[in-house]
Amino acid sequence: MRITVDADLCVGAGQCVLSAPGVFDQDEDGLVRVLHSRPVPEDADAVRLAGELCPAHTITVHED
């Protein structure tokens, strides 16, 4: 699994941080920041949920 984000689209809702706090964070402007672009398998479900919940579709989860 691999994560990419388009921070230019981020609206700072924070759903990613709430869903997968070990993988995502927010910068000083509230925009998404990826802590681990290749999350551990234990975080896979939370990362998928974060991608689904992102209101701006900023997060892309690649299943490779």
Side-chain angles (χ1 to χ4, degrees):
M1 172 181 280
R2 177 173 53 93
I3 303 165
T4 56
V5 299
D6 185 347
D8 291 336
L9 298 176
C10 182
V11 296
Q15 294 300 312
C16 54
V17 178
L18 293 173
S19 300
V23 178
F24 298 99
D25 198 0
Q26 292 174 286
D27 68 14
E28 62 276 354
D29 294 321
L31 302 179
V32 64
R33 189 167 62 120
V34 178
L35 300 174
H36 303 286
S37 62
R38 292 196 177 266
V40 295
E42 292 80 11
D43 289 333
D45 289 342
V47 168
R48 289 184 192 102
L49 180 62
E52 292 171 10
L53 293 177
C54 178
H57 306 289
T58 300
I59 300 166
T60 303
V61 178
H62 307 270
E63 299 286 348
D64 51 12

Task: Which residues share a side chain to side chain donor-acceptor pair (under 3.5 Å) with R33, sequence neighbours left out - done: D25
- [ ] Just jot down the side-chain contact (heavy atoms from CB on, under 4.5 Å) partners of L53, sequence neighbours excluded, or say none.
- [x] Q15, S19, L49
Task: Connected hydrophobic set around V23, excluding itself, where side chains approach under 4.5 Å - done: M1, I3, V5, V17, F24, V32, V34, V47, I59, V61
TODO: Identify, with sequence neighbours excluded, every residue that meets side-chain contact (heavy atoms from CB on, under 4.5 Å) alongside D29.
DONE: D27, L31
- [ ] Please collect all side-chain hydrogen bond (donor to acceptor under 3.5 Å, both in side chains) contacts where either partner lies in residues 54-64, sequence neighbours excluded, each pair once.
- [x] R2-D64, T4-H62, R48-E63
Task: L35 versus P21, closest heavy-atom pair with distance - done: CD1-O, 4.0 Å
